[in-house]
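To find a chain, count down the sequence lines: A is the first, B the second, and so on, and within it residues start at 1. Worth knowing before you read on, the calculation uses all heavy atoms, side chains too, and leaves out hydrogens, waters and symmetry mates.
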Amino acid sequence: MCNQKAFVVIALAVVVVATGCGRNKKPVVAAPQPAPTLAPAETTPPAPPQRVEESVPVPQPRLSEDAIANRSLDDLNRNSPLKPIFFLLDSAELDETGRAVATADADVLKKYSTWAITIEGHCDERGTPEYNLALGERRASAVKTYLASLGVSGERMKTVSYGKEYPFDMGHTEEAWSKNRRGHLVITSK
Amino acid sequence: MMMTTQQIKWRCAVAAGVIATAVLSTRVPAAPQAPQQPSDIAVVISGDPGTPPRYAVPDFVALTPDAADAAKTLGQVLWDDLNFEREFYLIPRDTYGSIPAARTLESVPFAAWRELGADAVIFGTVQRSGNEMRVVVRLFNVRSRQSVFSKEYSGSANNPRLYAHTISDEIHQQQRGLRGVARTKLAWVSDRDRQRVDGTVENREVKEVYYGDYDGGNQRRLTISRQLNGNPNWAPDARALAYTSWKPNPDIFISYMYQGVLQNPTKGVGTNYLPVFSPDGKQFAFMSARDGNTEIYVANVDGSNPRRLTNHPAADTTPTWSPSGTQIAFTSDRTGKAQIYIMNAADGSNLRRLTTAESEADRPTWCSAFDEIAFSARTSGSGWDIKVYDFSTGQTRQITFGEGTNESPAYSPNGRHLAFTSTRSGRVQVYTIGRDGKDLRQITRDGSNQTPAWSN
């Protein structure tokens with residue numbers, strides 16, 4: 001508190017001194033320049049006027065795929081090109097919709113072949129914290145197995161279960177639960 | 001003689017208490033033989049026929065002015081500790097006002113305590129000298145005016161509650177042959193620090209391991225991982241906690257909390273969860289997906305000699321050891337829904353299903369004092385309750401009844417209480433309750449608190 005006050009006083013003093021100095025200074029007067037001498041008359045015709053031209057920017061090439069490749073990991077995971085695979089209650093099997101989403105994810109992963117991912121298994125809040133660790137692990141494992149069957153190398157994929165931690169939707173309805181039973185793909189390196 | 005309903009209830013309660021005590025003293029090796037000699041019998045203070053002895057525990061007397069707070073704490077905490085086992089009737093402390101406070105052992109007003117209906121009164125003094133504390137305590141039989149328990153304690157003045165807990169455990173041991181739990185601890189995980197996990201996915205809460213006295217006193221944080229942690233479990237000597245930590249790969253850690261040593265016995269081998277120490281403390285059982293599916297494993301505490309006990313394409317999880325260490329109960333959904341099974345701890349043989357009447361069951365916790373297993377049972381669409389399977393009768397009794405969802409039971413070492421979590425007051429919190437489903441107590445209130453464990 002005392003230090004802050006002292007600082008303010010000193011700062012004000014500096015300002016006063018600085019502005020005071022400015023006021024006392026005499027205006028700077030530029031030294032008079034010698035009058036320009038006239039060029040001697042030329043006999044040759046003048047050169048044509050020099051063209052003044054501004055360079056026009058060329059439109060950048062479109063970055064459809066590179067827009068993804070250039071994004072940071074944080075940004076990628078915030079709005080991921082890899083979509084979550086949702087599961088039915090108590091199930092660790094990919095249904096038709098889940099397989100279609102996983103196939104699209106596999107295409108992305110094959111395109112960006114340097115990416116490594118962690119597949120997180122998540123559950124809704126209705127199971128116990130303990131059993132859900134196993135169920136989440138089985139969901140993650142099922143997604144990994146399916147992606148591997150589509151040609152994504154197993155070495156690029158890790159599995160983790162979070163049980164019922166970290167739901168997408170904090171609600172307590174079937175709609176919320178259905179969003180929380182998922183395999184969530186997190187990109188861990190590019 | 002006519003007996004009131006209340007008296008009859010007390011007779012039943014005392015009879016049940018005597019049976020329970022007798023059973024307990026045969027199961028707990030540390031418990032002494034029931035008193036046999038006439039001189040010993042006089043030590044035990046009894047109440048009126050058919051009623052439990054009535055205890056009075058006034059504030060302790062501060063012999064130095066700086067011991068005043070400790071003297072008050074000792075009286076209150078000792079009253080609570082002695083009340084917890086429900087072996088005595090504790091006369092409420094707000095009724096002691098008319099009784100003059102004794103300053104010395106010789107001036108205890110026995111007549112006044114007798115008029116209040118006390119069979120037993122505790123008199124204690126506290127003296128401070130710097131950071132040291134000296135406590136002297138007597139348990140008097142109010143009728144005979146004789147001291148039946150006389151002890152002195154000295155040590156640090158930092159934690160007066162520990163003196164009360166020690167006195168309570170020793171009085172329960174002497175008067176009831178009962179192993180009290182006043183010096184035991186609870187551990188759990190909590191998000192009360194409101195920190196976020198550093199990582200590429202946003203808004204993920206840190207959950208750290210916390211522990212505190214059995215009654216919720218002295219709560220403190222163990223881990224400083226800034227990660228998700230879960231499922232703490234006490235080593236049998238109560239000097240280490242094993243737990244799961246997501247870093248972000250889920251793995252098992254053992255914190256030797258009084259040595260400042262942290263070990264990671266499952267390092268580098270797949271994902272590992274839910275560690276539980278064997279009763280001898282030399283091994284731990286856990287769940288792992290290291291071989292591609294969730295199975296139950298056992299390893300030495302240093303991580304050596306890991307071996308797999310289950311081999312089934314379904315989910316196998318949540319192990320717990322039998323008191324002898326020869327069997328392991330666990331959860332499996334091999335028949336479709338989660339149910340509890342038992343197998344031999346040596347090799348997974350002799351597999352059998354325990355729960356048959358539940359739609360779903362998980363988190364078995366084997367009791368070390370009574371022949372029973374507590375577990376979570378689904379009782380509604382999104383609700384669970386605590387139930388207990390009794391091996392001697394083959395019957396299951398229910399402990400909680402749908403107040404919120406009730407999960408993750410853990411026994412006290414004397415088997416008379418359970419810690420568990422409940423959402424009955426909103427966010428998930430840790431509670432304790434008697435094994436008869438009575439005497440509910442809320443232990444945590446700050447943030448959300450999960451997966452409790454109870455130390456020896």
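Taking OG of B/Ser382 as the start and CD of A/Glu125 as the end, the distance is 6.5 Å to the nearest 0.5 Å. Between the CG atom in A/Leu133 and the CG atom in B/Asn272 there is a gap of 12.0 Å [rounded to 0.5 Å]. To the nearest 0.5 Å, atom CG of residue A/Leu73 and atom OG1 of residue B/Thr200 are 5.0 Å apart.
The contact between B/Pro313 and chain A is made entirely by backbone atoms, counting heavy-atom distances below 4.5 Å. Neither the backbone nor the side chain of A/Leu76 comes within contact range of chain B; no heavy atom of the residue lies under 4.5 Å from a heavy atom of that chain. Using a 4.5 Å cut-off between heavy atoms, A/Thr188 makes no contact with chain B at all. In this structure, chain B has no heavy atom under 4.5 Å from any part of A/His172. At a 4.5 Å heavy-atom cutoff, the contact between A/Asp74 and chain B is made by backbone and side-chain atoms alike.
Between the side chain of B/Trp246 and the main chain of A/Val160, no donor-acceptor pair closer than 3.5 Å is present.
Chain A forms the most heavy-atom pairs under 4.5 Å with one residue out of B/Thr244, B/Asp333, B/Thr421, B/Asp362, and that residue is B/Asp362. Options A/Val186, A/Asn77, A/Thr118 differ in how many heavy-atom pairs under 4.5 Å they form with chain B, and the most are formed by A/Asn77.
The two atoms that bring A/Glu130 and B/Ser408 nearest to each other are OE2-OG, 2.7 Å, heavy atoms only. Summarising the geometry of B/Ser376 relative to A/Thr128, their closest heavy-atom pair is CB-CG2, 4.0 Å, with the distance given to 0.1 Å. Among all heavy-atom pairs drawn from A/Ser141 and B/Gly292, the shortest one is OG-O, 3.5 Å.
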**Prompt:** What's the verdict on salt bridge (charged side-chain N to carboxylate O under 4.0 Å, His left out) for B/Arg204 and A/Glu120, showing C-alpha distance, side-chain angles and the deciding distance?
**Reply:** CA-CA 13 Å; B/Arg204 294 193 156 178; A/Glu120 300 178 348; 2.7 Å; yes
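No salt bridge links B/Glu360 with A/Arg126; every basic N to acidic carboxylate O contact stays at or beyond 4.0 Å. Looking at B/Glu295 and A/Arg138, no side-chain N of the basic residue comes within less than 4.0 Å of a carboxylate O on the acidic one, giving no salt bridge. Salt-bridge formation is detected for the pair A/Glu165/B/Lys207: a Lys NZ or Arg NE/NH1/NH2 atom is positioned less than 4.0 Å from an Asp or Glu carboxylate oxygen.
Heavy atoms of other residues, nucleotides or ligands lying less than 6.0 angstrom from NZ of A/Lys158 number 12 at most. Dense packing is recorded around NZ of B/Lys247, with more than 12 heavy atoms of other residues, nucleotides or ligands lying under 6.0 Å away. Applying the 6.0 Å contact sphere to CD of A/Glu93 captures no more than 12 heavy atoms from other residues, nucleotides or ligands.
With a 4.5 Å cut-off on side-chain heavy atoms, B/Asn203 and A/Tyr166 do not count as touching. Here the side chains of B/Ser332 and A/Tyr131 are not in contact, with every heavy-atom distance at 4.5 Å or above. Counting heavy atoms from C-beta on, the side chains of B/Pro250 and A/Ser161 never come closer than 4.5 Å. For the pair B/Thr271 and A/Glu137, the minimum side-chain heavy-atom distance is below 4.5 Å.
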